[in-house]
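I have placed the structure first, in the form of structure tokens, so that the comments after it can refer back to it.
In each ligand, atom 1 is the first atom listed, and ligand 1 is the first ligand listed. Just so you know, these numbers use all the heavy atoms, side chains as well, and skip hydrogens, waters and symmetry mates. The model shown is predicted, which means the values in this text are computed figures rather than measured ones. If you read the sequence from its start, that first residue is 1, and numbering goes on from there.
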Amino acid sequence: MGGRSTKSFLEMDENDVRSFANEIISGRKLTEERTREILLCRDEKGISNIFSAARLVREHFFSRNVFLYSFVYFSTYCKNECAFCYYNKKNNIKRYRVSREELKETAKQISKEGVHMIDLTMGEDPYFIENPENLSDYIKIAKENSNLPVMISPGAVSLEFLPKMKESGADFLALYQETYDEKLYSNLRCGQSFEYRKEVRKKAKECGICIEDGILTGIGNDYDEEVESIVKSIKCMKEQSPDQVRAMTFEPQPGTPLEKRTQMSDLIELKTIAALRFSFPDRLIPASLDVAGIKGMVDRLNAGANVVTSIISKDSTLEGVVNFDKDVELSERMRDAKSVTLQLEKMGLKKAEQSEFCRYIEKRKAN
Ligand code: SAM
Ligand code: MD0
Ligand code: SF4
């Protein structure tokens, strides 16, 4: 193989794009300068080259396989005050907590839908945070009735609970730092410890649970701050070797401190997804249906993602996190596994076998 690619993405032709992808595949690290170049690139040809390279890297590690996760927001109560989140405790909204019986029915239904994992998400509801045995029950119910691997997005649970979480059947913990710029973090996750959030992921990993970290894009006060926050976040995320890494565009929510913020274009999210693919070539990277629906999913997969998250069955009455489609009729949302699978096929991709997913997470747990 030749030397390191030095051309900018804008200058690359098809062969240069392939050589760049091959360098990443053979273990070359993405430099901070390259990450910055990707995030700052505004030129159509440059952007198209970045996404083509990201797809080549993904194809090397995952072939045409895409994984699907079902989303179950089982409690929207929360004791925290995240400035960006609709469910923060100060927001005067209708909330719910799904009962054990309802969760059982939901999990049974999901087992028939053909997804690879069930993602149980909650606000930091004291019913679970202060009595983690309740959370253990919910994990067991979801696992036994879906027969699927379980991801849990519980917020900053106690460190002592993590081994029990594993025993109850949790395979994956999702806990996003949002940004590794500590000042920005303190303005977003108001009153929550930056270090403790990291510790929860670290301990989960030590217990043999796969972990997901994530960046909230579109939250910098200006474009420079935004780019530097992402560059730093990608660099710092590597320290914990997360098994799944995500980027998600901030969408202003009614009734929250950031309600009046103008929403940044989701192009920065797409470019972050590509930079994540180059920085974590063999890891899971989601395309969330919650940000821009099935059309947005296509863009995210084209930028290098290999998982579709936030799948919700056609007749579900549970909430999403961002809920871009809250005004759309449930049956029209196209957020179900069948609609997703059809769309994947149109893109020349395919839903992976369940065994492929299980093999992947077992290998990562041993890491
Ligand atoms: N309560 C748990 C927590 O905060 O870790 C679990 C919920 S988790 C699914 C919520 C995640 O959704 C946040 O970490 C954030 O990355 C994302 N999110 C929340 N509100 C958002 C918004 N308005 N726009 C974009 N992403 C948002
Ligand atoms: C998603 N609404 O993937 C989900 C959520 C929580 N693990 C994931 C942010 O878009
Ligand atoms: Fe609560 Fe999570 Fe929303 Fe923060 S992001 S307010 S912890 S539900």
Who's the nearest protein heavy-atom neighbour of [atom], and how far?
atom	value
atom 24 (N) of ligand 1	E251 N, 3.0 Å
atom 5 (S) of ligand 3	R189 NH2, 3.5 Å
atom 9 (C) of ligand 1	T121 CG2, 3.6 Å
atom 6 (C) of ligand 2	D119 OD2, 3.2 Å
atom 26 (N) of ligand 1	L216 CD1, 3.3 Å
atom 19 (C) of ligand 1	V321 CG1, 3.3 Å
atom 7 (S) of ligand 3	N80 ND2, 3.5 Å

Determine, using heavy atoms of R197 and all atoms of ligand 1, whether some pair is separated by less than 4.0 Å. yes

Heavy-atom contact under 4.0 Å between G214 and ligand 1? no

Could you tell me, atom by atom, which parts of ligand 2 come under 4.0 Å of a heavy atom of [X]?
X	answer
T309	1 (C), 3 (O), 10 (O)
R246	1 (C), 3 (O), 8 (C), 9 (C), 10 (O)
T121	6 (C), 7 (N)
S153	6 (C), 7 (N)
Y176	6 (C), 7 (N), 8 (C)
S310	1 (C), 2 (N), 4 (C), 10 (O)
A174	7 (N)
S288	1 (C), 3 (O), 10 (O)

For [X] and [Y], take the angle between the two ring planes, folded into 0 to 90°, and tell me which bin it lands in: parallel under 30, tilted 30 to 60, perpendicular over 60.
X	Y	answer
Y73	Y96	perpendicular
F128	F74	perpendicular
F9	F278	parallel

Using distance alone, with no hydrogens and no angle criterion, decide if [X] and [Y] have a side-chain donor and acceptor under 3.5 Å apart.
X	Y	value
T179	S229	yes
N80	K89	no
N65	S63	no
Y185	Q177	no
E251	Y86	no

Do the side chain of [X] and the main chain of [Y] share a donor and acceptor less than 3.5 angstrom apart?
X	Y	answer
D171	V150	yes
D243	I211	yes
R283	P242	yes
D266	E269	no
R300	G296	yes
K143	G169	yes
N49	M12	yes

For ligand 3, which atoms, with element, lie under 4.0 Å from some heavy atom of [X]?
X	value
C78	1 (Fe), 6 (S), 7 (S), 8 (S)
Y73	8 (S)
G123	8 (S)
N88	6 (S)
C82	4 (Fe), 5 (S), 6 (S), 7 (S)

Regarding ligand 1, does M122 bring an N or O atom to under 3.5 Å of one of the ligand's N or O atoms? yes

Identity of the nearest option to atom 13 (C) of ligand 1, non-hydrogen atoms only, from E178, E124, R246, E269: E178

Using a strict 4.0 Å cut-off to heavy atoms of [X], name the atoms of ligand 1 that fall inside it.
X	value
Q253	23 (N)
G123	1 (N)
T249	24 (N), 25 (C)
S153	6 (C)
R189	3 (C), 4 (O), 5 (O), 13 (C), 14 (O)

Mode of [X] contact toward ligand 1 - side chain, backbone, both, neither (heavy atoms, under 4.0 Å):
X	value
V291	neither
Q263	neither
F84	both

Logged contact type for K79 with ligand 3, heavy-atom cut-off 4.0 Å, is neither

Reference residue S313; test side chain to side chain donor-acceptor pair (under 3.5 Å); the match among E113, K338, R335: E113

Crowding at NZ, K79 (>12 non-hydrogen neighbours, <6.0 Å): yes

Is there a salt bridge (charged side-chain N to carboxylate O under 4.0 Å, His left out) between R55 and E59 once you walk through the steps? CA-CA 6 Å; R55 291 194 297 273; E59 191 167 332; over 6 Å; no

Would you say the side chain of E178 lies within less than 4.5 Å of the side chain of F84, judging by non-hydrogen atoms? yes

Decide yes or no on side chain to side chain donor-acceptor pair (under 3.5 Å) for R97 and Y127, but give the supporting numbers first. CA-CA 9 Å; R97 181 186 304 125; Y127 176 78; over 6 Å; no

Under a 4.0 Å heavy-atom limit, does F71 contact ligand 2 with its side chain, its backbone, both, or neither? side chain

Taking backbone and side chain together, does C85 place any N/O/S atom at a distance below 2.8 Å from atom 3 (Fe) of ligand 3? yes

